[in-house]
> 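If you scroll down you'll find the structure; I have some questions about it.
To find a chain, count down the sequence lines: A is the first, B the second, and so on, and within it residues start at 1.
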Amino acid sequence: MPYVTHSEAERSEMLDTVGVSDPDALFDIPDSVRFDGDYGIEAHSERETRAAVEGLLDESPDLTEFLGGGHYDHYVPSVVDHLSLRGEFLTSYTQYQPEITQGFLQALFEFQSLVVELTGLGVANCSVYDRATALGEAVLLADRVRATDGDTVLIPADLPDRVRSVLDNYTDGPEITVETYPTSGGTVDVDGLADQIGADTSLVYAATPNARGVLEPDLAAVGDLADDNDALFCVGSDAVALALLESPAAYGADVVVGDAGVLGLPTTYGMGLGLFACREDFLRQVPGRLVGAGEDDAGNRAYTLTLQTREQHIRRERATSNICTNQAWLALRAAIHAAWLGPDGLVDLAEECVTGIAAACERIDALDGFTAPVYDGHHFREALIDTAAPAADVVDHCRHAGLAVRAVEDAGEERLAVCVTDTNQESVDDLVDALAGYGGGA
Amino acid sequence: MPYVTHSEAERSEMLDTVGVSDPDALFDIPDSVRFDGDYGIEAHSERETRAAVEGLLDESPDLTEFLGGGHYDHYVPSVVDHLSLRGEFLTSYTQYQPEITQGFLQALFEFQSLVVELTGLGVANCSVYDRATALGEAVLLADRVRATDGDTVLIPADLPDRVRSVLDNYTDGPEITVETYPTSGGTVDVDGLADQIGADTSLVYAATPNARGVLEPDLAAVGDLADDNDALFCVGSDAVALALLESPAAYGADVVVGDAGVLGLPTTYGMGLGLFACREDFLRQVPGRLVGAGEDDAGNRAYTLTLQTREQHIRRERATSNICTNQAWLALRAAIHAAWLGPDGLVDLAEECVTGIAAACERIDALDGFTAPVYDGHHFREALIDTAAPAADVVDHCRHAGLAVRAVEDAGEERLAVCVTDTNQESVDDLVDALAGYGGGA
Amino acid sequence: DAPHQQARWYDGDRYEPLLDEKSTDTVTVESSLPDDLTREELTLPDLSEPEVTRHYTRLSQMNYGIDSGPIPLGSCTMKYNPAFTEDVAAHPGNRVHPLRTDEDKQGILGLLYELQETLATVGGMDAVTLQPPAGAAGEFTGIQVAKAYHEANGEGERSEVIVPESAHGTNFASAAMAGYDVVELPSNEDGRVAVDALEAAAGEDTALLMLTNPNTLGLFERDITEIADIVHEAGGLLYYDGANLNSLLGKARPGDMGFDVMHFNLHKTFATPHGGGGPGQGPIGVSADLAPFLPTPQVREADGGYETYEPDHSIGRVHEFMGNWLVLVKAYAYILRHGDVGLERISETAVLNANYLAERIEYEVPYGPFHHEFVASADEDAADVAKAMLDHGVHPPTTKWPEIVDEALMTEPTETESKARLDDLAAAFNAVAATDPEDLAAAPNETTARRIDQADAARNPRLSWHALDDT
Amino acid sequence: DAPHQQARWYDGDRYEPLLDEKSTDTVTVESSLPDDLTREELTLPDLSEPEVTRHYTRLSQMNYGIDSGPIPLGSCTMKYNPAFTEDVAAHPGNRVHPLRTDEDKQGILGLLYELQETLATVGGMDAVTLQPPAGAAGEFTGIQVAKAYHEANGEGERSEVIVPESAHGTNFASAAMAGYDVVELPSNEDGRVAVDALEAAAGEDTALLMLTNPNTLGLFERDITEIADIVHEAGGLLYYDGANLNSLLGKARPGDMGFDVMHFNLHKTFATPHGGGGPGQGPIGVSADLAPFLPTPQVREADGGYETYEPDHSIGRVHEFMGNWLVLVKAYAYILRHGDVGLERISETAVLNANYLAERIEYEVPYGPFHHEFVASADEDAADVAKAMLDHGVHPPTTKWPEIVDEALMTEPTETESKARLDDLAAAFNAVAATDPEDLAAAPNETTARRIDQADAARNPRLSWHALDDT
């Protein structure tokens, strides 16, 4: 059997020690609930297993993707794989014994420091699952810290359905009301928000870049509104965008959530790495794991999980969250990627997210039958495009050229959504060519 | 610049320390031999470099190979990559400082032990380049130990040209004469060898499996002939075959050479891992690196490179070989692979090399227009096949089906050579189908 | 000499310096964006690739994983993670954007379908969602599904979740997160659910009973059928916490015991690496009645391929996409590698190993017979025992929990430890048992760091390198 | 505390036990082959994958590589090996059998062609073979090519190869292997070739002068043109040992200096990993006159693709196939990554680093100015200095060679060491210089093993685990 290690002789000796002749005798299971069927799964050699699973995966076609919409692809340098796959990292557990797990603790402390630097906030945890659950945790935090008595959170009308759905599950238990506030011209309608915010508002959320790929031009105004109403101001962003953009703390963010998986993410289908940072005065209400610096008996600085009394394994139903397993290994990977890039490399990568989509839009806008982008303003990675032909037909047409783009419903229109990053930038030519052949409708 | 680490400030400080304003000033090169041209190579990002090199490599078509002929493919378990790529192994140097390189030394000691176990001989070094250079070293060893005054080595008529060519370079300096002895029925012609062997013979070489894939039936007779003539008996084989076959020492081998790269070899175009073992009394004439067990100041067993006075960096022109860099990392990989297989797994793998080609031959022999194998006897991995149609045409025909087989000149005939291992076994159906359509000639 | 001296890199009053202590740069941000959108400068570590590589190589050597030696943390199921699953997960076929059309991601959907069907079979459940990104997320999802079911049946007033005292902390926290009151259920003297207490607790307010079986003492809840009847008769549902499922593979199925909802910890039962705390993945299985409430999307066969769909009364999403996809791939590969015979061998060996180790250690081990884990009782401070065990080249068990055992040492060796390693573990336990208490308090000595003052770290929280400058 | 305490696994009077000491099995060999062909039984270690993984994880932690810290071994050019080149080498396009037809391996031939042309440019040579599987193999190949050239010109009687005393040991051994007598050339007082001695040595017996430039003292042979003229006038050829080529990138080319043959150490100059001693790769470059004698096959462009061919007077093969292919792939990727600008920056920084470090250390450093390396002179036993440096978290330089410097410490930091690491190295040198000789003799203390008695190990050779049973 693979991975099970006893020789027959050892097994006998162990059975003797235990005092049974068959391990099955150790199973203290009433007959009535014994399983005597088969699962019906065949065993495979390592080579066969690889062939089977990889063969299955190969059923998806090889496409050049211009997707985005919450999951973004950046080139991850080889060194991230090589280092993060080291067994001492990959196969270790949560750091309940800090003396023997200093390495991972330090890496998580460094990840937290990176998030603190990017957000400008005082505290960051060492990850939550993804940007949607991070927003859920932010809303629960607002509920706990009760800056107001409000139990309503305000989210922008363009929050993606998939994120909204997660938020609805998070707000269901504590009976928090989720309301949307309007956008206008592709960004937050500050006046509309002002009309809606009030004493019952516990948190206002806004994202930059927003769901349309537009960088919000005046989040300070949103922050002021939240502040005026004693509501928390929660900003959504990601670890690459934040390298370039004004620090959220500088314009009043109390909480920052979003995706740090834009750095270091392994090849994957939609995994995330939720980042979560907040003001230092919420420290004891932070969800998830925190790593702190302390001292060991030798008088040296050492790291440890800290403030564990917030956590489920100690505080149980009064814990700040139910998080046990988080995304530690992905946090390690993000930190390695950031360290490899350095501040210059990270800013350059972010700037490519601005110039790449802008250049693509300019070329597409020059084609007959396309308006790109739909909304004014500076874009980051992605933009919406108006098409003369039905957007779905344009999508099909591109698909035949091996290019994946999306049609989205936006403000009542079917529009094309296009995402450009460092990994598909050199294929923009192909996209423009494909679109050029499809300008005026069929 | 990638991998060069100084900030501009650090660079200035260092230049100040050294006392120059530009590193170029440190180059003490006469103007007459200064290079002021360009190489004409553009720099690339990591991602671009990968795309460029991988794109170039992708120019070779994806074929199912039944090749062999000195380079064999076995499935290498993932764990071999994961462990051997660990930086402390991969990026370390020859173990000139044993106290800090115990890990690699132990792994090489274990590799040597594995080769000792497989060959039955007393001493194995920790690798030479490939099976051809291993044979070259064996011939030079014979020249040094001078069991006889002979300077003629006898090799079988079927020794592959590529190996013979390497041997010719090795024997050129010491002016050793290389002569071939006949084979008959696909194996050593013992009578023919007896006619040829004599007082001038310093070494007799025979391989099992031989170049036709046949397992030599009576190497003891060869060993006896060598012994009777005070010549060394050198056996060629490989680390998988030896797991199944009678230990060469048991039938009189004085030296065993061959390929250990049949275990653990990374994905590659023809790399080898030469194995070299010999009788213990030749210890001080062994070429290449040797690892030995010793003791450290704490009284514990520890490993070190040993008998270095044989080597070029100490003995210079009187060294037992010019080997400095060997194939250490591949020896590590082979040892990991062997440890993963264990004795059962290794024997099973070897047995598959017997049954796989036998089954394939049986099916091909049943087709019109094919005789498989050409020679009687038990085969290992590969066999020669007679074809009614010209062998080259059969090769072309298979190639159109995405299958790579070879045509070889053997005993004056054009024949088909087919190699079957665990990694192409499931494609034998395709091969048989392809051949079935091509039995009787065009 | 100690069996293991951990690597240590040292620089002044710290071990390996922080990234930002090695080299930091402040760059002035220049961008095509207007100034009011961008930050002025960014300060971050600025290291070359060689220095990055060394940093993390050194940190890894100052970290202990299953690849270093045994980690018998009870209920954590720290078993060996087969190396090949990493290569399967790195296969280019995984690089598929989640917003592709169904037609363009048939490979992904095929794997999702095969895995969900397989898990349904293993759990004895009718339907499975793979979406929850961790075990606790699975608990929350399962409770939300149960809640939606009750509400759809006009039983939305049910306000309580019953949890045994020995349950995992996440059970309590997840139930609370879903808005339920938690009712704690005492254990009886043999370490199992006190059936009479359950009878008293179950009633019209009961939404759910959450149970781990075998429980955290490694004991199978023999009265499971009776327990299920009590809860069902009260109109409640039964939730199975899959943390200890490893010990039931091939032997019993939660669905057959009457459980209506369960989660699987793929990173435990199916050996995907824990990665220093995650990512995990917590699929849930449900009975047919609850299937319409599962998260969206689900995957089904259609026209010779696969398609996604939204269940009729779906609770929506618990993750923006499909959770931690790579964990799903690795778990599927692991299951395919083992097959029926291998999976049953896992549970048999895991249970044999736990019982063998329990026999070999000199600390008192109350209760029994054990399945996959046991809880020993230390004579002295269990935390001290753990620190001293670190000096013996092994990772200690979970300490001081469950509280039902005094100074608990909750020990789960798993099936991948050889007899030699189990003997090492026993030797470590027994050496510590024979150690002078003062020496225990001074341990560990052979780890990278010496004993860390965790209380002080919590009193004076310094949670980023920015905080270090202040002190 | 020491800057680095290496990991140590310990078991009785040994460190990590040998594979066969962990678990061994003797299997009775059963085969479809007749008994007289097969062995009766086979005894080998028999470990599970978890145990194999731990064994090598532990061994790796007890090993020091460039990924651990600097390794300033002179002439070994131990620079950082970019991680991405491993991924390029693992690309499936490398899995091509060498006996495919040219048409079916165009990807391989394309890379071989591009790399050979690039190396020819870098070396200032007219033709290159990539085949030799190591630097020493390259030397041997180059000498055989030169010999074939002489023989073709009716000068086969030339019997001597001249080698400076400070040359690498392989030069001597390779020349001897090719059947030449070695004539050792003394250095002059400034550490370079004594031109007058060369004039005396060169003559009708001279086949070849082998030269490293810069030489092993890090000194450029300023008289190289005069040297070349002397040898050429005597009818001999000039061989360039590429071990120190790293310091000439973008600055000078052996071909321009008059060298007729050279080898490249790809694992040095182009940073492919040394792998604990190999594999390396030692391509050779030659002038046009020598090109017809190169090994077979060579690669050339043909019909928009590539083909192999045998040079007219080829010496044949020095490896059964194309040597260590993966080294070729990695080296090519490395060159493409850097481009002209990056390659010149390499040599500039390598030379700056060596000179900076030489300034910072307190040991006497005779000769100069240096290129890529320098040789310091220890006051005490250089071997003791090396052992003591191990306790300072760095690898020591090459010791006691070249013998031209008393108690030599031959030091080549390479371009990939940061200033901080160079300062670490200097601190280690200087701390050792200030250490009491008795303490030096007791070092190292922080490595896995303490000082090893190498003389005893050689006197009582135990070279496999079979030999351990006897003692």
Side-chain angles (χ1 to χ4, degrees), chain B residues 1 4-5 10 14 18 23 26 28 33 41-43 49 53-54 57 59-60 65 67 83 86-88 90-92 94 99-100 102-104 113 116 129 132 162 165-166 173 267-270 292-294 296-298 301-302 306 312-313 316-317 319 322 324-329 339 342-343, chain D residues 14 27 42 44 46 52 56 59-60 62-67 91 93-95 97-99 106-107 133-134 136 169 172-174 176 178-179 182 220 257 273 275-278 280 316-317 320-321 325 333 337 339 345 348-349 351-352 355-356 418-419 447-452 457 462 464-465:
Chain B
M1 285 306 108
V4 167
T5 66
E10 286 169 337
M14 292 172 67
V18 172
L26 296 167
D28 182 30
V33 297
I41 310 165
E42 298 238 354
T49 309
V53 182
E54 293 172 9
L57 292 171
E59 294 292 311
S60 303
E65 298 172 334
L67 296 167
L83 296 171
R86 287 178 59 85
E88 302 94 326
L90 184 69
T91 73
S92 66
T94 306
E99 292 84 0
I100 204 165
Q102 282 298 294
F104 217 122
S113 301
V116 164
Y129 310 128
R162 287 178 299 279
S165 180
V166 174
T267 301
T268 179
Y269 172 73
D296 73 359
D297 276 357
R301 186 208 300 160
T306 195
Q312 47 74 27
H313 62 286
R316 307 214 296 190
E317 66 270 25
N322 73 335
C324 180
T325 298
N326 59 15
Q327 305 286 91
W329 187 66
Chain D
R14 60 199 179 194
V27 302
L42 181 68
L44 282 177
D46 185 36
V52 170
Y56 290 100
L59 291 191
S60 75
M62 305 199 308
N63 210 61
Y64 184 100
I66 270 291
D67 282 4
H91 185 73
N94 292 287
R95 187 177 284 283
H97 193 285
L99 298 182
Q106 285 293 303
F172 299 85
S174 300
V182 178
F220 194 86
M257 299 174 204
R317 291 179 166 271
E320 187 173 355
F321 299 110
W325 165 257
R337 175 91 174 88
R345 185 69 176 249
E348 289 192 347
T349 310
V351 171
L352 174 61
N355 281 273
Y356 174 76
S418 65
K419 179 174 171 299
T447 44
T448 301
R450 299 287 298 275
R451 179 104 51 125
I452 295 166
R462 297 182 296 166
S464 71
W465 56 55

> For residues B:E317 and D:V182, report the shortest heavy-atom separation together with the two atoms involved.
CB-CG2, 3.8 Å
> Can you see which heavy atom on D:N63 is nearest to which on B:F104, and at what distance?
OD1-N, 3.0 Å
> What pair of heavy atoms forms the shortest contact from D:A173 to B:A319, and how long is it?
CB-CB, 4.4 Å
> Which bit of B:L83 is near chain D, if near means a heavy-atom gap under 4.5 Å: side chain, backbone, both or neither?
side chain
> Can you check whether B:E65 reaches D:L99 side chain to side chain, under 4.5 Å on heavy atoms?
no
> What heavy-atom pair brings B:G270 and D:P98 nearest, and what distance separates the two atoms?
CA-CG, 3.7 Å
> Heavy atoms only, distances under 4.5 angstrom: which of B:A132, B:A339, B:C324 has the most pairs with chain D? Name it, please.
B:A339
> If you count heavy-atom pairs within less than 4.5 Å of chain B, which of D:S418, D:A333, D:G93, D:G316 leads?
D:S418
> Is there a side-chain contact between B:T268 and D:F321 in this structure, where contact means two heavy atoms from C-beta onward sitting under 4.5 Å apart?
no
> Of the listed residues (D:G275, D:G179, D:P133), which shares the most heavy-atom pairs with chain B below a 4.5 Å separation?
D:G275
> Side chains of D:T349 and B:P23: closer than 4.5 Å at any heavy-atom pair?
no
> Using a cut-off of under 4.5 Å on heavy-atom pairs, state which of B:A302, B:A298, B:G292, B:S165 scores highest against chain D.
B:S165
> Give, as side chain, backbone, both or neither, the part of B:E42 having an atom under 4.5 angstrom from any heavy atom of chain D.
backbone
> Is it true that a side-chain atom of D:T447 and a backbone atom of B:I100 form a donor plus acceptor pair closer than 3.5 Å?
no
> Heavy-atom distance under 4.5 Å to chain B: side chain of D:S60, backbone, both or neither?
both
> Please rank B:E59, B:H313, B:E88 by heavy-atom pairs under 4.5 Å with chain D and give me the top one.
B:E88
> Any sub-3.5 Å donor-acceptor pair from B:T267's side-chain atoms to D:N94's backbone N or O?
no
> Is B:R316 close to chain D through its backbone or its side chain, or both, or neither, when contacts mean heavy atoms under 4.5 Å?
both
> Just verifying a value: how many Å separate B:Q102 CD and D:T448 OG1, rounded to the nearest 0.5 Å?
7.0 Å
> With chain D, which of B:G342, B:G87, B:G103, B:G294 has the greatest number of heavy-atom pairs at distances under 4.5 Å?
B:G103
> Between D:A178 and chain B, with a heavy-atom cut-off of 4.5 Å, which part of the residue counts as in contact: side chain, backbone, both or neither?
backbone
> So what's closer than 4.5 Å to chain D heavy atoms on B:T306: side chain, backbone, both or neither?
side chain
> Using side-chain heavy atoms (C-beta onward) and a distance below 4.5 Å, is D:R450 in contact with B:E99?
no
> Of the non-hydrogen atoms in B:T91 and D:D67, which two are nearest, and what is the gap between them?
OG1-N, 3.0 Å
> Where do B:R162 and D:E320 come nearest, in terms of heavy atoms and distance?
CD-O, 3.3 Å
